[in-house]
Structures are given as structure tokens and as C-alpha cells.
2 protein chains.
Amino acid sequence: MIHNNIYFQIELTARKIRQYGQNVLRSHGIDITIEQWLVLNVINDNETTNQIFIGEKLVKDKPTISRMVNQLDKKGFIIKTSSSSDSRQVSLSISKKGKTLIHNLQPIIEGIRLKGLQELSEKESQHIKSILNKIQKNLDT
Amino acid sequence: MIHNNIYFQIELTARKIRQYGQNVLRSHGIDITIEQWLVLNVINDNETTNQIFIGEKLVKDKPTISRMVNQLDKKGFIIKTSSSSDSRQVSLSISKKGKTLIHNLQPIIEGIRLKGLQELSEKESQHIKSILNKIQKNLDT
DNA sequence: TAAAAATAGTTAGCTAGACAACTAAAAATA
DNA sequence: TATTTTTAGTTGTCTAGCTAACTATTTTTA
């Protein structure tokens, strides 16, 4: 049975997380996707980063990052300029509007995180991460 | 740090599973996606099923199922007819070509499954499923 | 230094997933 | 029985993710 399949449960949990998170953001009238939020965060933690770096952090490919960055730029949350040292690269930083958004979103995101993880012991948290890591390593090689 | 985030690891693992699986299928020259394979399997286990049933099994919405079913039909793996008892419903069954595909794919899919789960003890398998289930339940309510 | 290779990013084309709005048929109800 | 409501499925629109192919720089190397 498919519901007893680990892959299926991993994939289903991932979808439910995204869906729940997106609903919460929508209910707050916030115009950003969960994935865009992750990109915004990498930029916030690494001002003047380029897109390759974001891709490495989030383990996503170039076109995906490129489009999400463009969305964030279009929405005015980031500033995208060309790097002075290497004109192939872009230099990304957070706009004032983006800073405000991050500030407002922080507690909401934390709420989403806690909602899913409630009643999960520290041991369980560690355990699931270690098992997921094992699966990933198995598939890498 | 994002890499220490359970949500991120769940989502990343899900992506790596799909990606690995898709690569294996491609390497065998098989023209089907992992998701389409799941749909095909539900139909195989429940001949003359309709799309609502597939959606319930796979926890996906109607448009998603509708489009995947159309792909499978277009590729000739299934036969899609209108239900005689209720003309709103479709009646789906596996074609000869589909039967052959399922037969050939069985060991390949099993190989994909085993690859990711190698060195996972029975206890770990049970444990991760129970934790994932807990997270899902947390988000449902 | 001129040609080749590597790198950063974009564009195009596809599937899946989510939401909203729709059609057509069946079931409920007044 | 006529009308309303529910149900099954489709279509449209958007984002993310993946591959492949492309442009434009920068770096290597012959």
C-alpha cells in the first residue's frame, strides 16, 4: 500500500508543509511564496550575494533561482544590481520594503514551524534529520 | 541555518527522491514520470476506478489528476471511458501496453526504492513514518 | 596574446501542484 | 415534479522545478 511507503509520506509531508505555510501567509495577506521567503532569507544573511550562492544554499538550479529572484525584485523586496568586479554576476541586497517584510514575517514563519513540530521531542527532531540525511546520501552515490 | 531545518530537509529529500527516480527511468528510456507511475499503479490496483478515487489515494486535487490521467491516456497506457452508471464519472483501466509497462517497471521501481532505503533498519523506517505522520497531523488541525 | 574552456545568468519548454471558475450530470429537497 | 444543491471532471492561470540551449563575460591554456 502506497500510504505505507516512506517516499510517499516524505513527499506528502513536504506538500502539506508548503500548503499550510502558504495558507497562513495568504491569511495574513502577504504576497510571497514560501520558496521566495527562503530566497529572501539567504540574501538577508548574505548581503551582495549572487544567484549561484543562493542555489547552493537552497540546492536549486539556476533557472529556478533566476525566476524567484526576479519575482522578489519585481515585488520590490530586493535590489538587483550588476556586480562591479564581475559583470556576469548580480549583486543582491534587501530593500527597505524587504527589511520590513522580513521583520513582520519572522514571527509568522516561526509560528508555522512550531505548528508542525509541536510535540516532537528533541530526540525525534534529531532522529528524523539523521534518517533523511541517510536517504539523501544513499541517493547521491 | 537552513540546513538544520526539518522542513527544508523533508522538502529536499522529496526532491532528491523524485530526481533520482526520474533519472533511473530516463536511463531506461521509459517515457513516464514518477507521479504518472503512481497514478498508473492506483488504476492497476483498482480497475474501472474514477479520478476522484485516485485523488483520494494520492492526496492530490482534481485538476492534477485530470491532467496526469490525460497524459497516461495520450501515451496509451490506460483506457479512459465514460462510466455507464454515472456519466459524470470516467472509468479507467490499464491497456495492454500499460500492463507491459507495469511488468517491466516493477523491478526498476523496486531498485529505486531500495537504493534510498539501504541501511535503514526496520525500526528507523517505522520511526520516520510515525514522525512524518505526527507532523502531518499537527498541520491538519 | 589569441583561441578555448569555464562561469553566471537568462530564456524556452515541459510537468506537477494549487486555486478559481466553469460545464454537465446526478441527487436532494421543497 | 421542478428547483436547488452536490458531484465529477475540465480549463485557465500562476509558481516551482527540471533539462537544454543560449548569451555574455571571465579565466585558462596553447
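Given the structure is predicted, the values throughout are model-derived calculations rather than measurements. Each chain gets a letter, A, B and so on, in the order its sequence line appears, and its residues count up from 1.
A continuous path of hydrophobic side-chain contacts links Leu117(A) to Ile112(A) [ILVMFWY only; heavy atoms under 4.5 Å].
Between the side chains of Glu110(A) and Gln106(A), no donor N or O sits under 3.5 Å from an acceptor N or O. Using modelled atom types and a 3.5 Å distance limit, the side chains of Asn133(A) and Lys137(A) yield a donor-acceptor pair. Looking at Gln136(B) and Gln9(A), their side chains do bring a donor and an acceptor atom within 3.5 Å of each other.
Residue contacts for Arg15(A): at a heavy-atom cut-off of 4.0 Å it reaches the sugar-phosphate backbone alone, with no base atom in range. Residue-level contact check: Thr64(A) touches the bases, meaning some heavy atom is under 4.0 Å from a base atom. Among the protein residues, Gln19(A) comes within range of the sugar-phosphate backbone only, with heavy atoms under 4.0 Å from sugar or phosphate atoms but none that close to a base. Residue contacts shown for Asp61(A) include a base, since a base heavy atom lies under 4.0 Å away. If you check every strand for non-hydrogen atoms under 4.0 Å, Gln36(B) touches sugar and phosphate atoms only.
Considering only side-chain atoms of Arg26(B), the nucleotide from dG17(C), dT19(D), dT11(D) that sits closest is dT19(D). For Met68(A), taking side-chain heavy atoms from C-beta onward, the closest of the listed nucleotides dA16(D), dT10(D), dT19(D) is dA16(D). Among the nucleotides dA16(D), dT19(D), dT7(D), the one closest to the side chain of Glu35(A) is dA16(D). For Ser66(A), taking side-chain heavy atoms from C-beta onward, the closest of the listed nucleotides dA16(C), dT11(C), dA8(C) is dT11(C). The nucleotide whose nearest atom lies closest to any side-chain atom of Gln89(B) is, among dA8(C), dG9(D), dT10(D), dG9(D). The side chain of Gln71(B) has dA16(C) as its nearest neighbour among dT10(D), dA16(D), dA16(C). Comparing dT10(D), dA8(D), dG17(C) by their nearest atom to the side chain of Arg18(A) picks out dG17(C).
Looking only at distances, a side-chain donor or acceptor of Gln22(A) sits under 3.5 Å from a matching main-chain atom of Ile34(A).
Scanning atom types as modelled, one donor and one acceptor separated by under 3.5 angstrom connect the side chain of Arg67(B) and the base of dG12(D). Side-chain atoms of Lys62(A) and base atoms of dG9(C) include a donor and an acceptor less than 3.5 Å apart.
With rounding to whole Å, Gln22(B) atom CD is found 21 Å from dA16(D) atom P. Distance, Leu92(B) CG to dA8(D) C1': 12 Å, rounded to whole Å. As a whole-Å value, the separation of Leu25(A) CG from dA18(C) C1' is 14 Å. Remark: C1' of dT15(C) and CG of Leu58(B) are 16 Å apart, rounded to the nearest angstrom. Rounded to whole Å, atom P of dA8(D) lies 6 Å from atom CZ of Arg88(B). Regarding Gln51(B), its CD atom lies at a distance of 11 Å from the P atom of dT11(D), rounded to whole Å. Atom C1' of nucleotide dA16(C) and atom CD of Glu11(A) are separated by 9 Å, given to the nearest angstrom. In this entry the distance linking CD1 of Ile65(A) with C1' of dG17(D) reads 10 Å, nearest Å.
Regarding contacts with the backbone of dA8(C), every side-chain N or O of Ser83(A) stays at 4.0 angstrom or more from both OP1 and OP2. Residue Asn23(A) has no polar side-chain atom (N or O) positioned under 4.0 Å from OP1 or OP2 of dA18(C). Of the side-chain N and O atoms in Ser87(B), one or more sit less than 4.0 angstrom from OP1 or OP2 of dA26(C).
Look at Lys60(A) and Glu35(A) and you find no salt bridge, because none of the NZ, NE, NH1 or NH2 atoms lies under 4.0 Å from a carboxylate O.
The 5' end of DNA chain C is approached more closely, in terms of each residue's nearest nucleotide, by Phe53(A) than by the other of Ile34(B) and Phe53(A).
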Subject >> side chain to side chain donor-acceptor pair (under 3.5 Å) between Asn70(B) and Arg67(B), worked out >> reply: CA-CA 5 Å; Asn70(B) 283 343; Arg67(B) 282 170 182 125; over 6 Å; no

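Helical stems in DNA chain C, defined as runs of 3 or more consecutive Watson-Crick or G-U wobble pairs with both donor-acceptor distances under 3.5 Å, are listed by first residue as C:1-30 with D:1-30.
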Using distance only, find each side-chain donor-acceptor pair of residues 36-49 of chain B under 3.5 Å and give its atom names and separation, not counting sequence neighbours.
| from | atom 1 | to | atom 2 | distance (Å) |
| --- | --- | --- | --- | --- |
| Gln36(B) | OE1 | Lys75(B) | NZ | 2.8 |
| Asn44(B) | OD1 | Lys99(B) | NZ | 3.4 |
| Asn46(B) | ND2 | Val42(B) | O | 2.8 |

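The shortest distance between side-chain heavy atoms of Asn50(B) and Leu92(B) does not fall below 4.5 Å.
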